[in-house]
Amino acid sequence: MNVNVTTPGGNAAQPMEWPQGELTRIPFWIYQAPEIYAQEQQRIYEGPVWNYLCLEAEVKAPGDYRTTFMGSMPVVVARDFDEEIYAFENRCAHRGALIALDGGGKARDFTCVYHAWNYDLKGNLKAVAFEDGVAGKGGMTKTFCRSDHGPRKLRIAIFAGLVFGSLSDDVPPIEEYLGEEIATRIKRVLCKPVVVTGRFTQMLPNNWKLYFENVKDTYHASLLHTFFTTFRINRLSQRGGMVVDPSGGNHASFSFVDNQSTEHDYAAMGLRSEIEGFKLKDASLLTSVDEFHDGCHLQILTVFPGLVLQQIQNALAIRQVLPKGQFQTALNWTTIGFADDTAEMQTLRLKQNNLAGPAGYVSMEDGAVGGFVQRGVATAGSQRAVVEMGGAGTTAEGTRATEASVRGFWKCYRAHMGI
Amino acid sequence: MAAITLDRIMAVQAAYIRCIDSNALEAWPDFFADDCLYKVTTAENHRNGFEAGIIYADSKGMLTDRVLALREANIYEKQSYRHILGLPSILDNGGAEAECETPFLVIRIMHDGQTDIFATGVYLDTLRASGNDLKFVRRLVVCDSSRIDTLMAIPL
């Protein structure tokens, strides 16, 4: 169909086209157009989706709160004294200023700094400064009713310690939204109480969709990331697979240790992924523990539109993908362990965290590759990417040499966007 | 054994940043003791007692491995750093080991000339006298900001 907006820069005259149902071609204007960015906020982040907000462990006790975002919308997540978790737009009902300014902490209530309007931990407006005026003068009109005013409140869903929020009444229940296989694979990792071991933000010089596609793209992993392949941690010839939920938006890819697999495929093709004689001086970070007792040493899982759950050996992390304009993305990393980790296990996770993150032996490249695309397509708004590896479908396959989960993302995205 | 003096501390700090900024990374692990801890973290994580680092190495071997990975395995655009250091504060000097804190500014220069402030923060160091050398037993690189732009290939 044609979308009645124009591409930026030199292609301004061309309509933005995308044939109905076509998932093997991605027009590059989708990563560039400011109109698309605005529509994504309305139709995706404020639409019928579950946005990952934070971990339940981060708002453990009454009064604990975190601030985050649903797309561009600032959000406060708090645990109230009734032990329930609430979330609401971080926007004062009066003039619109942020209600909470920092990343998180402890609070009994929130007071906007601008005119001291006060909110409880559920986001209800509780007090208006000088509501009755001063010395009989001024004050709010008699008809003003505090309960008519307040920031937008989110619906909350908690699954395996992950806190999700939605503005939509139409979003399916969380289990249904995730799909059975994805839900099972989340619970496989988040199987007991977690502890946060670190937080940091990686700023990516590209549209958020390029990162989300990258995480879902099982095809690139062993080609771009030569550290893993060199040490036989992740090779397409290893036993593994991928599942995509019926919506297309959620996926999990995984691999098992398989010493029987052939090593010839890469060598035969002369790919860069084969570097001979590369030995670590201190291989202790590659000594992993089969902590989930299933031989699966790597699982990368995504939930539309912005959650990544990472298990790379024993390096566990949550990554929250947040758009910051068309051309920038914040990737919020929360590294985690389990509350019952032994000291040895804690150290092992700290070492294995070297595998991922902005300085990660594997994910370092993912921080830059979206920018390479963004720069490469600078004037190619009317051109299209080719996503045909593994055919045209979006369903689970017994291989990772496929782009099925990338096509799944676009199926889900286009359904939400109506394009 | 010669005492650990401010002069010696400043000399090793200067040699360290010269090593990184001149792309002589193969010599970088030699600034550390074999049983070192090198960690890049953020002020917020450091304050909260969160142990995870952006880079975490608890042996000199892990530092050597990082250089090898950067040279042989990892893919990143050509770039270099310019470290500017403030004056070190000696927090404790026990003779054989000293604790000190040194502020840093790291500017990243990309191959196309784009030049940005990449990181600011402090080095929290434990230095050990080893013959005529000072070696880092512990170097915590505490970045002021929790944001890292794109990626951190070269160590700080």
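Because only heavy atoms are used, hydrogens play no part in the values below, and waters and symmetry mates are left out as well, while side chains stay in. Here is how names work: the chains are called A, B, and so on, in the same order as the sequence lines, proteins then strands, and each is numbered from 1.
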Taking all non-hydrogen atoms of both residues, which atom of A/Leu224 and which atom of B/Ile75 are closest, and how far apart? O-CG1, 3.8 Å
Only pairs of heavy atoms separated by less than 4.5 Å count here; which of A/Gln328, A/Met364, A/Arg349, A/Gln346 has the most with chain B? A/Met364
Would one find more than 12 heavy atoms of other residues, nucleotides or ligands at under 6.0 Å from atom CG of B/Leu91? yes
Spacing of CG belonging to B/Leu68 relative to NZ belonging to A/Lys281, to within rounding of 0.5 Å: 9.0 Å
If we define contacts as heavy-atom pairs under 4.5 Å, which of B/Thr64, B/Val40, B/Asn45 has the most with chain A? B/Asn45
Just checking, B/Arg66 and A/Tyr361: is the charged tip under 6.0 Å from the six-membered ring centre and within 45° of the axis? yes
Considering residues, nucleotides and ligands other than B/Ile117, do more than 12 of their heavy atoms fall under 6.0 Å from its CD1? no
Assess whether side-chain contact (heavy atoms from CB on, under 4.5 Å) is satisfied between A/Phe372 and B/Glu77, documenting all intermediate values. CA-CA 10 Å; A/Phe372 299 164; B/Glu77 287 178 278; 3.3 Å; yes
Most contact-rich option vs chain B, by heavy-atom pairs under 4.5 angstrom, among A/Gly367, A/Ala359, A/Ser363, is A/Ala359
Rounded to the nearest 0.5 Å, the CG atom of B/Asp65 sits from the CG atom of A/Leu280 at a distance of 4.5 Å
For B/Tyr76, which atoms come within 4.5 Å of any heavy atom of chain A: side chain, backbone, both, or neither? side chain
Answer yes or no: are there more than 12 heavy-atom neighbours, outside B/Asn132 itself, under 6.0 Å from its atom CG? no
Identify the heavy atoms of A/Asn354 and B/Met62 that sit nearest to each other, and give their distance. ND2-CE, 3.5 Å
Spatial distance of atom OG (B/Ser59) from atom NZ (A/Lys351) [nearest 0.5 Å]: 6.0 Å
Residue from B/Ile55, B/Thr42, B/Leu70, B/Ile54 scoring the most non-hydrogen pairs under 4.5 Å with chain A is B/Ile54
Derivation and outcome, side-chain contact (heavy atoms from CB on, under 4.5 Å), residues A/Leu350 and B/Tyr56: CA-CA 7 Å; A/Leu350 295 177; B/Tyr56 182 97; 3.7 Å; yes
Among residues 147-156 of chain B, which ones touch chain A with a heavy-atom distance under 4.5 Å? B/Arg147, B/Ile148, B/Asp149, B/Thr150, B/Leu151, B/Met152, B/Ala153
So which heavy atom on A/Thr347 is nearest to which on B/Asp58, and how close? CG2-OD2, 3.9 Å
Interatomic distance, CG@A/Asp102 vs CD@B/Glu44, rounded to 0.5 Å, equals 9.5 Å
Please find the pair of heavy atoms, one from B/Ala52 and one from A/Thr335, that lie closest to each other, and give the distance. CB-OG1, 3.4 Å
Taking only heavy atoms into account, what residues of residues 12-26 of chain B are found under 4.5 Å from chain A? none
Hey, is NZ on B/Lys78 packed in by over 12 heavy atoms from elsewhere, all under 6.0 Å? no
